[in-house]
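Have a look at the structure below, then the notes.
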Amino acid sequence: MRLLEDIASISCADIENLQTRAVREGPQIEYKLALLPLSDDRKFEFLKDVSSMANADGGVILYGVRQDQSGAPAEMVALALENIDELHNRIDLILNDNLDSEFQV
């Protein structure tokens with residue numbers, strides 16, 4: 001799947017194609033409706049997803065996706081992100097504080 005081959009070049013059309021094709025969640029793709037706030041429960045879920053993908057063949061977590069009952073994307077929802085740099089730093093901190101360094105990219 002092109003989406004997993006070149007993460008830096010993912011386009012809106014690639015993501016919309018997942019919805020059109022009704023691509024369900026699986027070992028290499030996770031859909032999440034919201035990212036923030038990262039409560040303790042949400043941090044644990046995030047860390048579990050990241051570590052399981054790191055221990056497998058990698059994967060992608062797509063935020064802003066509402067799923068249908070089958071696990072396929074039903075709707076793409078815009079996320080309101082005020083400061084992307086702050087969010088990036090926060091995610092890095094969560095990963096650095098909670099995962100072994102051999103799993104970090």
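Because the structure is a prediction, the values reported are computed rather than measured.
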Exercise for review: Not counting sequence neighbours, list each pair that qualifies as a salt bridge (Lys or Arg N to Asp or Glu O under 4.0 Å) and has a residue in residues 22-31.
Suggested key: E30-K32
**Study point:** Heavy-atom side-chain contact between V60 and Y31 under 4.5 Å
**Key:** no
Exercise for review: With sequence neighbours excluded, tell me which residues meet side chain to side chain contact (heavy atoms under 4.5 Å, CB included) with I84.
Suggested key: L81, L87
Study note, to complete from the structure: With sequence neighbours left out, the residues meeting side chain to side chain contact (heavy atoms under 4.5 Å, CB included) with N83 are D85, E86
Check your understanding: Is there a side-chain contact between F44 and N98, using heavy atoms and a 4.5 Å cut-off?
Key -> no
Study note, to complete from the structure: Excluding L33, membership of its hydrophobic cluster (Ile, Leu, Val, Met, Phe, Trp, Tyr; side-chain heavy atoms within less than 4.5 Å) reads V77
Review point. Quick one: does L18's side chain get under 4.5 Å of L62's, heavy atoms only?
Key: yes
Exercise for review: Please name the pair of heavy atoms, one in I15 and one in M76, separated by the smallest distance, quoted to 0.1 Å.
Suggested key: O-CE, 3.4 Å
Review point. Under 4.5 Å between any side-chain heavy atoms of Q28 and M53, yes or no?
Key: no
Exercise for review: Evaluate the side-chain proximity of L47 to L95: yes if any heavy-atom separation is below 4.5 Å, no if none is.
Suggested key: yes
Exercise for review: Would you mind listing every side-chain hydrogen bond (donor to acceptor under 3.5 Å, both in side chains) that reaches into residues 68-82, with sequence neighbours excluded?
Suggested key: R66-E75, D68-S70
Exercise for review: Evaluate the criterion side chain to side chain donor-acceptor pair (under 3.5 Å) for residue pair D14 and S11; output intermediate values, then yes/no.
Suggested key: CA-CA 5 Å; D14 294 325; S11 69; 3.2 Å; yes
Check your understanding: Below 4.5 Å, heavy atoms only, C-beta onward: do V50 and I61 meet side chain to side chain?
Key -> yes
**Study point:** Flag side-chain contact, heavy atom, 4.5 Å: E45 against D49
**Key:** yes
Point to revise | Nearest heavy-atom neighbours spanning V65 and P73 | key: CG1-CB, 3.7 Å
